[in-house]
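A quick write-up on the structure given underneath.
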Amino acid sequence: GLGIPAEPLFRSSYALEYLTAAAYDVQYEILPFRDILPVSNEGGPGVKEIVSEVYDHFGKAQLINGGAKDIPFVAAGGKEIHYPVVMWGIGAQWNLQELQSFLVAQRNGRGRRSPEQLRQAAALRGIEEALNDHALFGTVETGIYGMLNNPLVPSGSVAAGASHSTEWENKTADEILADINGLADTVWQYSKMRERPNRLLLPPKQWSMLKNRHLPNREISIMQYIIENSQYFTTPESIIPINELAEAGVNGTGKMVVYDYNEDKLVCEIPAEATALPMQQQLFNYIMVWYAYSAGTIIRYPRSIAYAEGI
């Protein structure tokens, strides 16, 4: 013989394959900022600052007699607080040969999405990731702090339990409840009873503990007990897991946050959402650029929110 190895009858790499009806995307982590924060688009493209006016007054009436001349007068005034706006940008590009190859793949039953579709989706995701990080952590180099690391927000560590540990996996259900109620009560007390938190953010692991661990001698989970008895967190939607709080506390422990979901208390300012410039062609290449403007999370009333680490 000629020494040529035997080959399959069907040489096409597609001949014995079956292509499923659906195409699938790689799954990335959820970006939570739009679910946990009010979002405002006031201002529009081009603004350099978000400005809030804050007014205050003081003065208290005193005992006087009918002929008194030393009447106490109130003082009142206002000031502006300026929050810088930053600009985000990202681009995507593809070339003529990629588009031609895509058409060939389509003729062979392949190619559900074109190069421009894939890269445009990736660019929009990239903008959203930047907005999420800016809302939650800020950009310290520009003087902007986020929802989860603002130095004006009351912060501390939870108390150690009977096991001499602060971490929830080593605590009893009653000790965990004390940590949650204590943090919520802190907001109420420190604000002179003006603020009442209505959201509780937790790392996913600790959220699962609330959902799955039961109170002693009772067929009810810690989470269900909170929903039925708390004056702060009264629905399943008010207790929210987010990845960003895992290992965010001291020595890599978990961190929890309580706050009032109210645009008057805190808001994520995005004057311009992701916006695309017209596509450009440069020889064989196609280019698109997107931009967005954001001021991050503005916490107007720092005592309407509190952090606790060590869980």
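For reference, positions follow the sequence shown, starting with 1.
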So, are [X] and [Y] salt-bridged, with charged N and O less than 4.0 Å apart?
X	Y	result
Lys205	Glu169	yes
Glu98	Arg119	yes
Lys79	Asp56	no

Q. More than 12 foreign heavy atoms under 6.0 Å from CZ of Arg194: is that the case here?
A. no
Do the side-chain N and O atoms of [X] and [Y] include a donor-acceptor pair separated by under 3.5 angstrom?
X	Y	answer
Arg112	Gln106	no
Glu141	Thr139	no
His134	Ser294	yes
Asn170	Ser165	yes
Tyr307	Asn150	no

Q: Go through Asp185 and Tyr232 one step at a time and tell me if the side-chain contact (heavy atoms from CB on, under 4.5 Å) criterion holds.
A: CA-CA 9 Å; Asp185 285 343; Tyr232 305 112; 2.6 Å; yes
(Q) Taking the six-membered ring of Tyr261 as reference, does the cationic atom of Arg199 (NZ for Lys, CZ for Arg) lie under 6.0 Å from its centre and within 45° of its axis? (A)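 Arg199 over Tyr261 ring: yes.
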Atom pairs and distances, side-chain donor-acceptor, residues 264-281, under 3.5 Å, sequence neighbours left out:
from	atom 1	to	atom 2	distance (Å)
Lys265	NZ	Glu195	OE1	3.2
Lys265	NZ	Glu195	OE2	3.2
Glu269	OE1	Ser40	OG	3.3
Glu273	OE1	Arg34	NH2	2.7
Glu273	OE2	Arg34	NH1	3.1
Glu273	OE2	Asn41	ND2	3.1
Thr275	OG1	Glu273	O	2.9
Gln281	NE2	Leu283	O	3.1

**Q.** Full working for side-chain contact (heavy atoms from CB on, under 4.5 Å) between Phe233 and Val258
**A.** CA-CA 10 Å; Phe233 317 115; Val258 298; 3.6 Å; yes
Q: Run the numbers on Arg125 and Glu129 for salt bridge (Lys or Arg N to Asp or Glu O under 4.0 Å), then give the verdict.
A: CA-CA 6 Å; Arg125 167 75 188 196; Glu129 288 182 1; 2.8 Å; yes
Q. So Met288 and Tyr286, side-chain contact (heavy atoms from CB on, under 4.5 Å) or not? Walk me through it.
A. CA-CA 7 Å; Met288 284 192 72; Tyr286 300 87; over 6 Å; no
**Q.** side-chain contact (heavy atoms from CB on, under 4.5 Å) evaluation trace for Thr235 with Ile227
**A.** CA-CA 6 Å; Thr235 67; Ile227 292 168; 5.5 Å; no
(Q) Could you work out, with salt bridge (charged side-chain N to carboxylate O under 4.0 Å, His left out) as the rule, every residue matching Asp25, not counting sequence neighbours? (A) Arg113
